[in-house]
Asks: 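Before I ask anything, let me first share the structure, which is written out below as C-alpha cells.
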Amino acid sequence: MSVLIYIDSENGKVKKSAFEVATYARAIADKQQTKVVAVTINVPQPEVLAAYGVNKVLSITNDQLQHISANTLNHLLQQAVAKESSTIVVFSASSQAKEVAPLLANSLQAGYVSNIISLPTEDFIVKSNVFSNKAISLSQINTPIKVLGLAPNAFKTEEKNVELTVEPFAPALSNSDWQIQVITTEKTSGKVSLDDATIVVSGGRGLKAAENWQIVEGLAEVLGAATACSKPVADMGWRPHSEHVGQTGKPVAPNLYIAIGISGAIQHLAGVNASKVKLVINSDPEAPFFKAADYGVVGDAFEVVPKLIEKLKARQ
Ligand code: FAD
C-alpha cells in the first residue's frame with residue numbers, strides 16, 4: 001500500500017504545487033501508516049522532496065518525455081500504481097494534472113474527486129469546491145483505488161523531513177504512447193504562471209488600452225505575482241486568452257488577488273471568489289467588486305498603482 005503523487009515540474013525544477021501535494025499526501029500517509037511515493041520526470045534533484053514527507057521517488061529520466069501527453073503520462077502512472085500497490089493517487093490543480101487525473105481514474109476503475117479542499121475522513125469523505133466555488137460538496141469515495149485532485153492553493157506546504165530513496169524508473173512505453181506527441185510547450189505570457197501563483201494582479205477594461213498594461217506588469221513584478229485579466233480584455237486582444245479568469249476563463253484561488261479597473265461582474269467573481277484576500281482598485285465607489293473585496297481603494301488606477309509600486313520598491 002502507498003499514496004502515489006505526481007510531481008509537477010518545469011525545466012527540471014519541482015513546482016510549488018508539487019510540494020503542496022506532497023504535504024497533503026504525507027498527512028494521509030501518516031493517518032494510514034503508509035508511505036508516500038512520488039513520480040518525477042526529468043527532475044535532476046528529486047531529493048528536495050524528502051523535506052515534504054516523500055519516502056520514495058520513482059525517477060524517470062527520458063528526453064523523449066520532456067513534453068509528455070496526458071495519454072502517455074496516464075500509461076506511466078498506471079505502471080507506477082501497480083508497482084507500488086498504491087491505493088490513493090493525489091494530483092495538483094495544474095492543467096496537466098487536471099487532464100491526466102480523470103484518465104487515470106478511468107483506467108484504474110477508481111473513484112475521482114477534483115477541486116478538493118479537505119483531507120479525507122476515516123470513511124473517505126472529502127470536501128470539494130463546486131459550481132465555480134460557490135458551493136461545497138461532500139463526496140465519499142468507495143472504490144478500492146481513489147484518485148484525488150486538489151483545489152489550487154487550498155493547502156499550505158509543511159516541512160516534514162523523512163528518509164528518501166530515489167529509484168530510477170523506466171516504465172514500458174508502447175507505440176500507442178506516441179499517438180499524440182507534444183512537440184513543444186511555450187509560455188504565452190508572464191514570468192509566473194497562473195497555476196503556481198500565490199499572488200495574482202489582474203486588470204480590466206478600466207485600464208483603457210493594451211499599452212497601459214505596464215502598470216499591471218510592474219506591480220506583478222515587484223510582488224512576484226502572475227498577471228491575469230477580465231474577459232473583455234482578452235476578447236479585445238489586449239491580453240492573451242490564457243490570462244482570462246472567471247466563469248468562462250481560468251478559475252484562480254491565490255492568497256492575494258488584486259483587481260485593477262475590473263467592475264466585479266458575477267461571471268468574473270465566479271472564477272476569483274475563492275482567493276483568500278481580494279484587493280480592489282477602482283475609480284467608481286459603486287463598483288460591485290467592492291462588495292466582494294477584503295480591501296478596497298477608490299481611485300484612479302493610473303495614480304494609485306504607480307504609487308503602490310513605488311512604496312513596495314522602497315520597502316524592498
Ligand atoms: P467593465 O465592466 O467595463 O469595468 C471596468 C471597470 O473599470 C469599471 O468598474 C470602472 O469603474 C473601472 N475603471 C474605469 N476607469 C478606471 C480607472 N482609471 N481606474 C480604476 N478603475 C477604473 N467576465 C470575466 O471577467 N470573466 C469571465 O469568465 C466571464 N465570463 C462570462 C460569461 C458569460 C456567459 C457572460 C455573459 C459574461 C461573461 N463575462 C466574464 C463578462 C462579464 O459579464 C463582464 O462584462 C466583464 O467581467 C467586465 O469586465 P471589466 O470589469 O474588465 O469591464
Side-chain angles (χ1 to χ4, degrees), residues 93-95 98-99 114-115 128-135 151-153 188-190 192-197 199-223 225-312:
S94 73
S95 327
K98 277 190 200 150
E99 209 180 339
S114 64
N115 242 352
S128 60
N129 281 334
V130 289
F131 297 122
S132 303
N133 301 328
K134 283 208 200 73
N153 291 315
T188 43
S189 68
V192 181
S193 83
L194 272 174
D195 283 334
D196 295 330
I199 305 177
V200 173
V201 180
S202 190
R205 203 148 43 181
L207 285 164
K208 312 217 166 22
E211 51 274 25
N212 294 332
W213 234 259
Q214 59 193 1
I215 62 168
V216 175
E217 282 169 341
L219 185 57
E221 195 176 341
V222 75
L223 290 170
T227 50
C229 67
S230 66
K231 182 175 183 293
V233 164
D235 289 345
M236 288 183 293
W238 294 356
R239 298 301 290 174
H241 272 288
S242 55
E243 285 196 4
H244 154 202
V245 291
Q247 184 187 314
T248 48
K250 203 175 179 64
V252 291
N255 291 339
L256 174 62
Y257 182 79
I258 304 179
I260 308 170
I262 301 176
S263 57
I266 191 155
Q267 297 88 354
H268 184 88
L269 292 178
V272 307
N273 243 341
S275 307
K276 295 210 169 74
V277 175
K278 292 177 280 286
L279 162 66
V280 170
I281 302 170
N282 198 304
S283 53
D284 175 8
E286 301 299 322
F289 216 145
F290 283 121
K291 290 205 176 82
D294 299 284
Y295 298 95
V297 179
V298 178
D300 184 342
F302 298 100
E303 286 172 22
V304 175
V305 179
K307 278 191 189 143
L308 192 54
I309 295 172
E310 208 180 289
K311 290 266 181 211
L312 286 165

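Worth knowing before you read on, the calculation uses all heavy atoms, side chains too, and leaves out hydrogens, waters and symmetry mates. Whatever order the structure lists them in is the order used to number ligands and atoms, beginning at 1.
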Asks: Counting each atom of ligand 1 from 1 as listed, which ones have a heavy atom of Gly299 under 4.0 Å away?
Replies: 19 (N), 20 (C)
Asks: Write out the residue and atom name of the closest protein heavy atom to atom 4 (O) of ligand 1, then the distance separating them to 0.1 Å.
Replies: Ser263 CB, 3.4 Å
Asks: Of Ala234, Ser283, Ala287, which has the heavy atom at the shortest distance from atom 21 (N) of ligand 1?
Replies: Ser283
Asks: Could you check whether Glu243 and Thr227, counting side-chain N and O atoms only, form a donor-acceptor pair closer than 3.5 Å?
Replies: yes
Asks: Considering only protein heavy atoms, which is closest to atom 49 (O) of ligand 1, and at what distance to one decimal place?
Replies: Pro232 CG, 3.2 Å
Asks: Measuring only between side-chain heavy atoms, which start at C-beta, is Asn115 closer than 4.5 Å to Val130?
Replies: no
Asks: Please round to the nearest 0.5 Å and tell me the distance separating atom CG of Leu207 and atom CD of Gln214.
Replies: 10.5 Å
Asks: Closest by any non-hydrogen atom to atom 37 (C) of ligand 1: pick that one out of Gln267, His268, Glu303.
Replies: Gln267
Asks: Of the protein's non-hydrogen atoms, which lies at the shortest distance from atom 14 (C) of ligand 1, and what is that distance?
Replies: Gly206 CA, 3.5 Å
Asks: Looking only at protein heavy atoms, identify the closest one to atom 7 (O) of ligand 1 and say how far it is in Å.
Replies: Gly261 O, 3.0 Å
Asks: Within the supplied structure, the quantity of interest is the number of heavy atoms (other residues, nucleotides, ligands) at a distance under 6.0 Å from Glu221 CD; does it exceed 12?
Replies: no
Asks: Atoms of ligand 1 less than 4.0 Å from Gln247 heavy atoms?
Replies: 27 (C), 28 (O)
Asks: Report yes if some N/O of Val233 lies less than 3.5 Å from some N/O of ligand 1; otherwise report no.
Replies: no
Asks: Please report which non-hydrogen protein atom sits nearest to atom 10 (C) of ligand 1, along with the residue it belongs to and the distance in Å to one decimal place.
Replies: Asn282 OD1, 3.5 Å
Asks: Could you check whether atom 34 (C) of ligand 1 has a protein contact, counting only heavy atoms that fall below 4.0 angstrom?
Replies: no
Asks: Among protein heavy atoms, which sits nearest to atom 52 (O) of ligand 1, and what does the distance come to when rounded to 0.1 Å?
Replies: Ser230 OG, 2.6 Å
Asks: Would you check whether Gly249 reaches within less than 4.0 Å of ligand 1, judged by its heavy atoms?
Replies: yes
Asks: Any donor and acceptor pair, going by atom type alone, linking the side chain of Asn153 with main-chain N or O of Ala253 inside 3.5 Å?
Replies: yes
Asks: So with a 6.0 Å cut-off around CD1 of Ile266, is the heavy-atom count from everything else above 12?
Replies: no
Asks: Can you find an N or O of Val245 that's nearer than 3.5 Å to an N or O of ligand 1?
Replies: yes
Asks: Counting from 1, what ligand 1 atoms have a heavy atom of Gly204 closer than 4.0 Å?
Replies: 52 (O)
Asks: Which of the atoms of ligand 1 are close to Asp300, meaning less than 4.0 Å from one of its heavy atoms?
Replies: 17 (C), 18 (N), 19 (N)
Asks: Aromatic rings Tyr257 and His268: how do their planes relate, parallel, tilted or perpendicular, breaks at 30° and 60°?
Replies: tilted
Asks: Using a strict 4.0 Å cut-off to heavy atoms of Thr248, name the atoms of ligand 1 that fall inside it.
Replies: 27 (C), 28 (O), 29 (C), 30 (N), 31 (C), 32 (C)
Asks: Classify the contact between Ala265 and ligand 1 as side chain, backbone, both or neither, using a heavy-atom distance cut-off of under 4.0 Å.
Replies: side chain
Asks: Tell me whether Lys276 at atom NZ has more than 12 heavy atoms from other residues, nucleotides or ligands lying less than 6.0 Å away.
Replies: yes
Asks: Is there a side-chain contact between Asp235 and His241 (heavy atoms, below 4.5 Å)?
Replies: yes
Asks: Relative to the heavy atoms of Phe302, which atoms of ligand 1 are at a distance of less than 4.0 Å?
Replies: 18 (N)
Asks: Keeping the roles fixed (side chain from Asn282, backbone from Ile262), state whether a donor-acceptor pair exists under 3.5 Å.
Replies: yes
Asks: Distance from Ser202 atom OG to Leu219 atom CG, nearest 0.5 Å?
Replies: 11.5 Å
Asks: Just so I know, are the side chains of Arg205 and Met236 near enough to count as touching, which here means a heavy-atom distance under 4.5 Å?
Replies: yes
Asks: Of the protein's non-hydrogen atoms, which lies at the shortest distance from atom 15 (N) of ligand 1, and what is that distance?
Replies: Lys208 NZ, 2.8 Å
Asks: Between Lys307 (side chain only) and Val305 (backbone N and O only), is there a donor and an acceptor less than 3.5 Å apart?
Replies: no
Asks: Give me the nearest non-hydrogen protein atom to atom 19 (N) of ligand 1 as residue plus atom name, then the distance to 0.1 Å.
Replies: Ala301 N, 2.8 Å
